[in-house]
Each structure stands twice: as C-alpha cells, then as structure tokens.
Enquirer: 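After the structure tokens below, expect a handful of questions from me.
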Amino acid sequence: MKLNENDHLYRARHSLSHLLASAVKELYPQAQLGIGPPVDTGFYYDFVFPEPVAADTLLPALESKMKDLVKRKIKFERFELPGDEALKKLQAANEPYKVELCREYIAAGEAISFYRSGDFTDMCEGPHIETTGEIPKNSFALDTLAGAYWRGDEKNVMMTRIYGLAFDTAEELELFKKRRALAMERDHRKLGKQMQIFHIAEEVGKGLPLWLPNGTVLRDELEKLAQEAEFRYGYKRVATPHITRGLLYEISGHLEHYKESMYPPMMLDDEAYYMKPMNCPHHHMIYREIVRSYRDLPLRLAEYGSVYRYEKSGELAGLLRVRGMTMNDAHLYVTADQVREETRKVMELHKYYYDLFGLENYWLRLSVHDLAKDKFVDNIASWEQTVGILREVLKELGIPYSEVAGEAAFYGPKVDFQVTNVVGREETASTNQLDFTSAERFDLTYIDHEGHQQRPYIIHRAPLGTHERFISFLIEHYGGAFPTWLAPVQVVIVPVAPALFDFAYKLRDQLLALMIRVEVDDSGDSFNKKIRNAATSKAPNVLIVGQREAQEDKVTHRRYGVTEQTTLPFAEFLSWIQDEIRLRRNSKPVNPLDKM
RNA sequence: GCUGGCGUAGCUCAAUGGUAGAGCAGCGCAUUUGUAAUGCGCCGGUUGGGGGUUCAAUUCCCUUCGCCAGCUCCA
C-alpha cells in the first residue's frame with residue numbers, strides 16, 4: 001500500500017525522520033546528514049557519525065529524545081532561501097551531503113526549501129505535519145540500525161541508516177510488531193529446517209543448498225507440473241551440461257556483460273571452462289544445430305537447467321538468494337509475426353500456475369533499459385521496438401504493470417513477476433525476456449516462405465522461476481502446510497494400537513501402489529502423541545485406524561487444521577485422494593498462522 | 001563485498017572471570033493406549049575456529065569463519 005505524500009501518515013513519518021535527525025544532532029553535533037524519507041512501515045534517516053555507534057545503547061537514547069520532542073508539540077515551519085544562501089547555510093553547518101543535493105537542486109532550477117522544527121532545521125521539500133502534537137504517543141519506535149551507501153551507490157561512503165516504525169496509532173504499531181513476529185514463524189529458513197526441506201552445510205559452501213528428501217519431493221512435483229504444462233503448450237525438452245568453454249560466453253556476451261557474476265574459470269588444456277550462469281546459450285546452440293524453416297517455428301525448448309552465479313556473500317539468504325540454482329527455463333524461437341501470440345501464451349501459463357497455487361499477492365514489472373547504465377546492449381531502436389511489443393501485449397491482456405528503467409536484462413526487456421515474501425522483502429519470482437540480441441550474436445536464422453534467411457526473436461521465460469526461490473515462496477505461502485499434491489508426506493496412518501499395525505500396513509501398501517506418499521506411525525509413542533506428531537508435521541491427511549475401522553475396511557480421515565473428521569470406506573478415501581492429487585487441488589487447509 | 005548485530009547439545013533457551021544446565025528431539029526399558037506431549041533411565045557440548053590477557057576465559061581483547069538485518073546486486 002503506497003501512501004500519497006499528502007496522507008497524514010506519510011507526513012507524520014517524514015516528520016518523525018526529522019525528529020530522529022534532531023535527536024542525533026543533540027547527541028552528536030558532528031554527525032552529518034544524508035536523507036530521511038518515509039517508507040512503507042515508518043521512516044529512516046542516514047547519518048555519518050563521527051565515531052562508531054552501538055545500536056543497543058544509541059537507539060533507546062534517541063527514541064526517548066524523540067518522545068520528548070513529540071511531547072513538546074513542536075511546530076514544523078517551512079521557509080525558502082535563494083540558492084546561494086541555502087548553499088552557504090549548509091556549508092556553514094558542515095553538511096557536505098546536503099550541499100551536494102543543494103547544488104543539484106540549484107542546477108535544476110528548483111526552489112530550496114527548509115523545515116524548522118524546534119532547534120533543528122533541515123533542507124527538505126516536505127510536506128510535514130503542523131506540529132508534533134499530531135503524533136500519537138507510542139505510535140512509533142526506532143527499529144534497527146544498518147549501513148547504506150550514500151545515494152545507493154556502492155562507490156560512495158557507507159552511512160549509518162536508522163530505521164523507525166511509525167503508524168497511525170499505538171495499536172497499529174503493536175499489531176505490526178505481532179504480525180512481524182508471526183511472519184518469522186513461517187520464514188522458509190525456519191520451516192525448511194523444521195520440516196527437513198533443505199540444509200546449507202558450511203562444508204559444502206554458502207548459497208549451495210542440499211535438498212533433503214522432503215524438499216526433493218517439492219522439486220519433483222514442480223517439475224512434473226511444468227512438464228505437463230509445457231507438453232500441452234508444445235514445448236520440447238532438452239538437457240545441457242553444467243560447464244562450458246569460455247568461447248560460448250564470448251559469443252553470448254556473458255563474459256562481456258556478466259563476468260563478475262560468473263564463477264571463475266577452470267583451466268583445462270590451456271582453455272577456460274566456466275560453470276554456466278544461464279541456459280540460453282546452450283539452447284541457442286541446439287537451435288543452430290540444423291537449418292530451421294519457418295515451419296519449425298515457434299520452436300520452444302525447455303529445460304529445468306542448473307546454473308551457478310557468484311553472488312556476493314552478503315546477498316545470500318536461505319533459498320531466496322543462492323549461488324547454485326535450477327530454473328524452470330525455456331526459450332521460444334519465433335517469427336516477428338508470432339512474438340505477440342507467444343508472449344501472450346507465456347503470460348497465460350503464468351496465470352495458470354499462479355492460480356493453481358493461489359498466489360494473489362504479486363504485481364508485474366516491465367523492466368526496461370536505461371542507456372545511462374553501461375550494462376545494456378547499445379541499440380536504441382531495438383530496445384524501443386521490443387519494449388513497445390511487450391507494452392502492447394500487456395495492454396491487450398489488460399494486465400496492470402509498472403514500468404521500471406534499468407531493470408532489463410543486458411540483451412532485452414523483461415516482464416517480471418514481483419512478489420513479496422513473508423518478511424516483506426520484494427523479489428522477482430519469475431521473469432520473461434524478449435531478446436533481440438542473441439539471434440544475431442549466435443547467427444540464428446530460419447528460412448522464410450520465400451527462401452530468405454530471417455532472424456528469429458527469442459523469448460526467454462521462467463514462470464516457475466528457480467526451484468530455490470519458488471519453493472522458498474511456497475513454503476512461506478503455505479506456512480509449511482502444503483496441499484496434498486505437493487506435501488512430502490501426503491498421508492500419515494495412525495493405528496490406535498499395535499494390534500492394528502497390520503491393517504495399517506495393508507492400507508499403506510495400497511496407497512504406495514498408487515504412488516501416494518504415505519507413512520504408518522508404528523513407533524512406540526502413545527496414541528495421543530501420534531495424533532499430535534501427525535498434526536505438527538503438517539501432513540495434509542491423517543488416517544486413524546482402530547478396531548472399528550478395521551472391521552469394515554474403513555478409515556477415519558482428518559485434514560490438517562480441520563477439527564471435524566469423517567469415517568469413510570477406504571475405497572472412497574482412495575478415490576478422493578487420487579482426485580485431490582491428480583487435479584492438484586489447492587484445498588488450502590486452515591493454517592493457524594493465517595489467523596492474523 | 002560494505003555497515004551493524006549475533007554464534008552455548010540436533011532444536012528452543014539458561015548460567016557464570018573459578019570444573020556448563022533445562023525442556024524437546026534421539027536411544028533403551030516398561031506401558032498397548034480411540035483423537036494434540038505415558039513413565040523411568042541413558043546418550044549428547046574443546047560454549048563456531050585460531051590467537052592473546054589472566055593463577056584461571058564460555059565470559060575480557062584480537063583475528064577468522066558462519067548466520068541475521070540493511071545497502072549494493074539479483075532468479
């Protein structure tokens with residue numbers, strides 16, 4: 001939810017950032033100011049402190065000073081200064097970062113405005129609240145302290161950013177904190193450990209997850225899903241090696257544009273071999289292997305391909321950001337006439353997947369080039385043409401999207417599906433690119449009706465993203481309570497007593513014969529303990545079998561998170577669960593974590 | 001990579017400049033149970049690694065590794 005700058009909360013948050021700066025200046029008159037805008041959950045302000053600071057003592061001290069300022073009902077007063085006076089004032093105050101901004105405002109011919117609140121004055125556009133009396137007691141709190149580069153550029157100094165939380169009321173602040181604590185409970189790293197989905201071993205390496213048996217079930221189910229969907233959409237599956245000669249990446253341009261993200265080469269017979277960071281060049285080689293006719297197009301090559309990228313250590317996070325990943329990749333080689341239709345079908349496939357999982361909280365980003373940045377292929381006409389095509393397709397489909405400059409791939413614009421994970425971090429779940437560069441680089445052609453050579457367009461698409469990232473979202477989306485078709489253990493059979501073990505084994509064998517993942521709890525635990533273990537394991541289906549059931553070949557069926565249970569003939573259960581799995585029903589059980 | 005923080009048993013967490021403790025999990029024995037923890041016992045730690053200060057370090061200092069938040073980058 002984005003606030004408008006005239007919203008009271010927006011202005012209150014912005015004003016609180018000034019109070020924070022004011023408190024900092026009181027404690028450290030030498031501290032220099034960066035910027036201090038409002039954000040989704042509050043505000044922050046960046047500082048350069050004259051000495052190292054410690055969060056555990058600094059934040060409470062600043063917070064209590066801010067509370068004092070709020071109590072004093074301080075007025076926010078705006079005034080403007082001519083450029084040279086503003087500059088002088090900031091220079092006199094020893095605010096080099098403000099001076100830098102001020103110079104730019106002057107160059108842009110903008111008015112230079114200041115806000116005075118009590119003893120503190122900051123160059124700022126506003127708007128602000130009238131007085132701090134408008135800020136309810138306990139509706140804000142300082143949160144964390146972190147580093148941030150000046151103007152977001154890693155070549156600049158690192159400042160100290162102090163984040164604060166701020167809401168309309170104290171109750172909303174408390175609610176936010178509670179929700180955040182609850183969200184941590186479904187963090188995929190925590191559930192991934194608890195549910196034995198993946199493990200990142202120090203000995204194996206950072207960002208290189210080991211998939212445990214339960215996690216591998218999730219991967220296998222996603223791959224099955226993709227194989228079926230891609231079959232229906234006319235894709236052909238291919239497979240390619242994990243390492244490749246440098247030559248291929250010279251052709252593709254990866255070594256030119258992407259080298260810092262690639263694992264360094266290994267030398268074999270005086271030649272450099274690289275771990276592959278992307279599958280596309282390999283698919284292009286497959287395309288090029290024979291002469292293609294327009295009759296072959298669209299040619300859709302699909303592969304769940306593993307790639308390795310050298311992400312900076314601080315960027316790694318659980319399964320969300322890793323160094324080795326397997327992606328739901330495919331490349332569509334199409335004629336100019338087919339681009340729109342094929343792009344549309346790719347979007348349709350996305351919708352099918354997202355509906356299947358019940359993923360609703362996402363938005364589309366049309367990621368375009370920014371020729372001011374040197375990472376992009378320099379060909380304005382092609383950028384404009386391909387961006388235009390994507391705009392048209394999205395418009396035709398009536399899908400809302402936002403256009404963001406500088407987020408494109410180096411070889412073409414992208415349509416990214418942006419989702420927010422459970423702890424509020426926004427990530428790209430899947431990405432689709434329209435590539436106008438590679439066909440030429442790889443000299444890919446097809447013969448048209450008239451026997452002339454033409455360049456195909458290439459659509460790169462990965463609707464299910466990478467297993468790593470997509471599964472991290474699924475874990476959090478479901479809070480670990482997967483629908484039956486995805487669940488690592490689909491059925492747990494709990495016999496009431498050891499005398500019933502044989503009956504339970506008989507049911508198990510029938511389920512196993514149908515490829516249903518089932519376990520019998522034949523441990524020495526008490527019956528109550530078994531019920532509890534089955535429930536806490538988040539198994540979607542629990543079958544309780546006792547004497548009563550055994551006599552009539554029935555089972556008592558409990559769904560995860562549902563208290564009512566039904567006793568039904570086992571044959572009926574079998575047909576129900578087979579449908580449940582075959583149709584991949586997203587009968588999302590009530591998850592206790594969804595309550596808030 | 002950068003800034004800040006955190007590393008105690010498989011997990012969750014105690015404790016202290018003077019020999020490290022609990023619950024859960026695991027294992028064993030007993031119990032054979034009809035809807036969310038049966039009882040008893042056992043095992044489990046070079047307090048992330050290395051170095052230093054000290055009579056003595058898990059505690060203080062340095063260093064290194066890992067993790068967390070943010071920045072940068074990104075599927």
Side-chain angles (χ1 to χ4, degrees), chain A residues 39 44 46-49 52-56 58-59 143-163 184 187 189-190 193-194 196 199-203 205-206 258 260-261 277-278 307 309-323 325-329 367 375 407 409 414 416-419 423-433 460 462-470 472-473 494-501 524-537 542 544-549 556 558 563 565 567:
Chain A
V39 292
Y44 69 78
D46 290 342
F47 306 95
V48 173
F49 283 95
V53 292
D56 52 343
L58 180 64
L59 295 190
D143 193 26
T144 57
L145 186 147
Y149 297 109
W150 167 237
R151 314 202 78 175
D153 189 331
E154 64 184 325
K155 293 186 197 87
N156 291 339
V157 295
M158 173 139 304
M159 307 181 104
T160 303
R161 176 170 296 179
I162 298 175
Y163 278 95
M184 312 268 248
D187 186 309
R189 289 168 292 198
K190 186 167 180 155
K193 167 78 187 165
Q194 259 170 33
Q196 288 284 282
H199 173 57
I200 297 175
E202 217 175 304
E203 295 83 343
K206 312 165 119 180
Y258 204 76
E260 72 289 356
S261 296
M278 288 185 186
V307 298
R309 299 179 184 175
Y310 187 77
E311 305 288 347
K312 292 179 191 166
S313 63
E315 292 164 353
L316 303 173
L319 289 180
L320 198 60
R321 281 298 287 283
V322 290
R323 285 179 172 167
M325 69 210 89
T326 300
M327 56 193 300
N328 172 228
D329 214 353
S367 298
K375 77 172 203 181
E407 294 287 337
K414 308 193 287 182
D416 295 322
F417 282 66
Q418 298 299 111
V419 304
V423 284
R425 193 194 319 222
E426 183 187 317
E427 294 286 346
T428 301
S430 54
T431 187
N432 307 280
Q433 299 148 10
H460 303 236
L464 296 174
T466 63
H467 277 324
E468 287 70 17
R469 185 169 290 179
F470 204 78
S472 81
F473 287 131
V494 177
V496 163
L500 278 306
F501 281 3
D525 288 336
S526 65
F527 177 64
N528 280 332
K529 185 67 179 292
K530 289 182 186 187
I531 296 283
R532 180 185 157 82
N533 284 344
T536 54
S537 78
V542 179
I544 289 129
V545 295
Q547 203 50 48
R548 296 202 291 266
E549 286 82 0
T556 294
R558 271 175 72 128
T563 35
Q565 53 184 28
T567 301

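If you're wondering where the values come from, they're calculated on a predicted model, not measured in any experiment. Quick note on labels: first sequence line is chain A, next is B, and so on, each numbered from 1.
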Enquirer: Expressed as a whole number of Å, how far does the C1' atom of rC67(B) sit from that of rG48(B)?
Expert: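 10 Å, rounded to whole Å.
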Enquirer: Hey, is the side chain of K530(A) poking within less than 4.0 Å of OP1 or OP2 on rA36(B), counting only N and O atoms?
Expert: no
Enquirer: Counting distance only, does the side-chain N/O of R189(A) pair as donor-acceptor with the main-chain N or O of G318(A) below 3.5 Å?
Expert: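 No.
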Enquirer: Please work out which residues in residues 146-156 of chain A have a non-hydrogen atom less than 4.0 Å from an atom of RNA chain B and list them by number.
Expert: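 Result for residues 146-156 of chain A: A146(A), G147(A), A148(A), Y149(A), G152(A), E154(A), sorted by number.
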Enquirer: Please state whether the phosphate of rA69(B), meaning OP1 or OP2, lies under 4.0 angstrom from any side-chain nitrogen or oxygen of R189(A).
Expert: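 So the side chain of R189(A) is within the cut-off, an N or O lying under 4.0 Å from OP1 or OP2 of rA69(B).
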Enquirer: Mind checking I544(A) for me? I need base, sugar-phosphate or nothing, with any heavy atom below 4.0 Å counting as a touch.
Expert: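 Base contact.
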Enquirer: Under 4.0 Å, counting only non-hydrogen atoms across every strand here, what does E427(A) touch: a base, just sugar-phosphate, or nothing?
Expert: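 Base, at least one base heavy atom under 4.0 Å.
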Enquirer: Under 4.0 Å between any heavy atoms, over every strand shown, what does V322(A) touch: base, sugar-phosphate, or nothing? Just pick one.
Expert: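 Base contact - V322(A) has a heavy atom under 4.0 Å of at least one base atom.
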Enquirer: Regarding M327(A), tell me which of base, sugar-phosphate or nothing describes its non-hydrogen contacts under 4.0 Å with the strands shown.
Expert: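 If one applies the 4.0 Å heavy-atom cut-off, M327(A) turns out to touch nothing in the nucleic acid.
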Enquirer: Taking the minimum atom-to-atom distance to the side chain of F527(A), which one of rU33(B), rC67(B), rU38(B) wins?
Expert: rU33(B)
Enquirer: For atom C1', what is the distance between rU58(B) and rU54(B), given to the nearest Å?
Expert: 15 Å
Enquirer: Remember a base hit wins even if backbone is also touched, and classify Y163(A) as base, sugar-phosphate or nothing at under 4.0 Å, heavy atoms.
Expert: sugar-phosphate
Enquirer: Using the C1' atom on both, measure rG44(B) against rG26(B) and round to a whole Å.
Expert: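 rG44(B) and rG26(B) have their C1' atoms separated by 9 Å.
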Enquirer: Classify the nucleic acid contact of A535(A) as base, sugar-phosphate or nothing, counting any heavy atom under 4.0 Å across all strands shown.
Expert: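 Counting heavy atoms under 4.0 Å across all strands, the contact made by A535(A) includes a base.
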Enquirer: Verify the contact: side-chain N or O of K529(A) to OP1 or OP2 of rU33(B), cut-off strictly under 4.0 Å; return yes or no.
Expert: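 K529(A) to rU33(B) OP1/OP2: no side-chain N or O under 4.0 Å.
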Enquirer: Tell me what E311(A) touches on the nucleic acid: a base, only sugar-phosphate, or nothing, going by heavy atoms under 4.0 Å.
Expert: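 Counting heavy atoms under 4.0 Å across all strands, the contact made by E311(A) includes a base.
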Enquirer: Which part of the nucleic acid, if any, lies within reach of E260(A) when heavy atoms closer than 4.0 Å are counted: base, sugar-phosphate only, or nothing?
Expert: nothing
Enquirer: With a 4.0 Å cut-off on heavy atoms, is S261(A) in touch with a base, just the backbone sugar-phosphate, or nothing at all?
Expert: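 No contact.
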Enquirer: For E549(A), which contact category applies under a 4.0 Å heavy-atom criterion: base, sugar-phosphate, or nothing?
Expert: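 It contacts base atoms.
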Enquirer: Picking from rA36(B), rG70(B), rC65(B), which would you name as closest to the side chain of E202(A)?
Expert: rC65(B)
Enquirer: With a distance cut-off below 6.0 Å to the six-membered ring centre and an angular limit of 45° from the axis, does R323(A) pair with Y310(A) as a cation-pi contact?
Expert: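 Positive - R323(A) is close enough to the ring of Y310(A) and near enough to its axis.
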Enquirer: Would you confirm whether R469(A), through its side chain, and T428(A), through its main-chain N or O, come within 3.5 Å as a donor-acceptor pair?
Expert: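 Present.
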Enquirer: Look at S313(A) and rG1(B) and indicate whether a side-chain polar atom (N or O) is within less than 4.0 Å of OP1 or OP2.
Expert: yes
Enquirer: Using a heavy-atom cut-off of 4.0 Å across all strands, would you classify R469(A) as base, sugar-phosphate, or nothing?
Expert: base
Enquirer: Taking rU64(B) as the reference, what is the distance to rC71(B) when you measure between their P atoms (whole Å, please)?
Expert: 25 Å
Enquirer: Please determine if a side-chain N or O atom of T466(A) lies less than 4.0 Å away from the OP1 or OP2 oxygen of rA75(B).
Expert: no
Enquirer: Short question: side chain of E468(A), backbone of V322(A) - any donor-acceptor pair under 3.5 Å?
Expert: no
Enquirer: What distance, rounded to whole Å, do you find between the two P atoms, one in rC13(B) and one in rG17(B)?
Expert: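 Nearest-Å result for rC13(B) against rG17(B) at atom P: 22 Å.
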Enquirer: Could you measure between the two C1' atoms, the one in rU46(B) and the one in rA57(B), and give it in whole Å?
Expert: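 Here rU46(B) and rA57(B) have their C1' atoms 13 Å from each other.
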Enquirer: Once you apply a heavy-atom cut-off of 4.0 Å, does A429(A) come out as touching a base, just sugar-phosphate, or nothing?
Expert: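 The answer is sugar-phosphate, as A429(A) gets under 4.0 Å only of primed atoms, P, OP1 or OP2.
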Enquirer: Base, sugar-phosphate, or nothing: which does E468(A) touch, judged by heavy atoms less than 4.0 Å apart?
Expert: nothing
Enquirer: Can you tell me, in whole Å, how much space there is between the C1' of rG28(B) and that of rA14(B)?
Expert: 28 Å
Enquirer: Say you pick atom C1' in rU72(B) and the same atom in rC62(B); how far apart are they, in whole Å?
Expert: 29 Å
Enquirer: Starting the side chain at C-beta, find the nucleotide from rU38(B), rA75(B), rA36(B) nearest to R532(A).
Expert: rA36(B)
